[in-house]
Amino acid sequence: GCLSLGAKEKTVFQKTLSKYAKIDHYYLGKEDDKGKYETAFNNLTTYPTVFISLHDMSRFASKNHGLTQEMIELVYRLQQTTNVVLVVFGSPYSLDKFQEISTAVVAYQEDETTQNLTAQMLFGAIPANGRLPISIGERFSYGEGYDTQGAIRLQYAIPEEAGIRAENLRKIDTLAFNAIKMGATPGCQILVAKNGKVIFEKAYGHHSYSKREKVDLEDLYDVASITKVAATLPTLMKMYDEKVLSLDHTLGHFFPSELKKSNKQNLKVKDVLTHQARLISWIPFYTETLAPNIYKKVYRSTPSETHSTKVADKLYIKNDYEDTIWNTIIDSDLRSKWGYKYSDLGYYFFHRIIEQYAKEPMESYVQKTLYAPMGMNLTTYNPREKYHADQIVPSENDVKFRKQLLQGYVHDMGSAMLGGVCGHAGLFANANDVAKLMQMYLNGGSYGNRIYLEPSTIDLFSKKQNNGCRRGLGFDKPEKNRSIGPTSRSASNSTYGHTGFTGTCAWVDPEYDMVYIFLSNRINPNMNNRKLLDLNVRTDIQEVIYKAMQDPIEQTAQ
């Protein structure tokens, strides 16, 4: 939890903390009554750690440094019941009131930049090496302080700090506003990180064309096939590191009895990951259920013992329909011709392989091993279980299958019929969270002082595998002829990432030490809207970023 004392609204300090972790925020003004202070105390004692920041302070001891007796008492009581980190946005002399405190950060000033940088320092994005310039009471001595290393998590900076002119990124605004004006998408989030620093992070437009709700940086988008590289692939790479998965393993190795007589038995993991296993691209499972007499049997508007898998709002599918989907995939034909053909079907197998390995549902496994420790606190399957609908950007108004506007329920039909969780689609996130994961890849498998993957494994999976297709293992890559591929012309050959059907992309370019995220809901209100693709919105914005990096600020000699 975080409590800002002397604040009348959520502070910049609190907003920046939220970029790193799931933190509940409280604030109390000087004029708030004792009842509010008591309520805050009762709430905050439930947290193992509480950041308390002091605002609207005075430099005069005669004015108690701007602190009320209620504030001082509340800090004292909290530090007796939980772990308190006190952050002073004002005079260090105020520490005289807090001689019992175990951890204190002195920031000296309260301007927005100082608040922002202090939050970043607490999460290890920037280093701390300051020392107290005075002694205060018996507890705090002159010269006291701790050094921290910094650069262990994403930093939030201005473009110039990464050697880029801010004005060279302004064309991103023009392209984003034009996309919205042309009806390519109601809104979007765009993020650029360079050298481990987020140098551009903006939300544009609205949740829908009704323009009732503006897009916020903490809003969640259905990221579609980014799920492949944000949930399935990191887990498969971990299994590869642990030598429980080999690229030459066949699907039959994992499902010996189920695939015994199937044409899928001898398909190799590496061929499935490069989309060269002759799997057909997808199966519209839902169309088999649309006839009114079948629809009534397969779906219910309320949950029951037989229909407890939630597809969308007030829509539950027969529990055993998962077996029908599974058997349909197993019995499906293979393409006669060997070669590259993008397919979702392999990820239904990977979903089950991961659950075999994890011995628990995929969604709880990735939450526990990846998203929670990385501070990806807004990344989740089935967000309606955790977040208010207003924070989730709607996708299609599906008049055919689910007969509703989809908001917080995955758009992909196959994933929806499995309860919103699969290996190829189902994740919801914001741009900042996706950037953390992509930065982990760029860091060679580590983030926040924690190692997730071996650098050699990321190198192997992210490189082009053969001349038959442009793909890495699971990762998409630039096409040789850049004018027809998923990336802009200037992307280096080492670039890797993925796009998503809903109008999303996440790219890493190791040669430029750069992360680019674009999230949108181009399929609102209709998935047949191709304007985002036809206008090359994502790749044109990416090209602006490369041009900005190719026009660096001249570093003058000191």
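Just so you know, residue 1 is the first one in the sequence shown, and it goes up from there.
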Donor-acceptor side-chain pairing of [X] and [Y] below 3.5 angstrom:
X      : Y      : value
His25  : Ser18  : yes
Ser456 : Glu454 : no
Asp111 : Gln115 : no
Ser488 : Ser490 : no
Thr502 : Ser395 : no
Asn430 : Asn432 : no
Asn466 : Gln276 : yes
Asp222 : Tyr409 : no

Are [X] and [Y] close enough that their ring centers fall under 6.0 Å?
X      : Y      : result
Phe428 : Tyr221 : no
Phe461 : Phe475 : no
Tyr156 : Tyr20  : yes
Tyr546 : Tyr512 : yes
Tyr348 : His424 : yes

Q | Pairwise distance NZ(Lys310) to CD(Glu385) - rounded to 0.5 angstrom | A |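 Interatomic distance, Lys310 NZ to Glu385 CD, rounded to 0.5 Å: 7.5 Å.
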Q: Decide side chain to side chain contact (heavy atoms under 4.5 Å, CB included) for Phe349 and Ile329; before the verdict, give the C-alpha distance in whole Å, the side-chain angles of both, and the deciding distance to 0.1 Å.
A: CA-CA 9 Å; Phe349 289 102; Ile329 294 170; 3.6 Å; yes
(Q) When you measure from the centre of the six-membered ring of Tyr347, is the NZ or CZ of Arg352 closer than 6.0 Å and no more than 45° off the axis? (A)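 So Arg352 doesn't make the cation-pi contact.
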Q: State, with a plain yes or no, whether a side-chain heavy atom of Met438 is found less than 4.5 Å away from one of Val434.
A: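 In contact.
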Q | Carboxylate-amine/guanidinium contact Lys531 Asp534, below 4.0 Å | A | no
**Q.** Test log, rule salt bridge (Lys or Arg N to Asp or Glu O under 4.0 Å), inputs Arg470 and Asp476
**A.** CA-CA 7 Å; Arg470 68 171 188 254; Asp476 200 358; 2.7 Å; yes
Q: Using the salt bridge (Lys or Arg N to Asp or Glu O under 4.0 Å) rule, take Asp398 and Lys403 through it: C-alpha gap first, then chi angles, then the decisive distance, then the call.
A: CA-CA 5 Å; Asp398 179 4; Lys403 302 176 172 60; over 6 Å; no
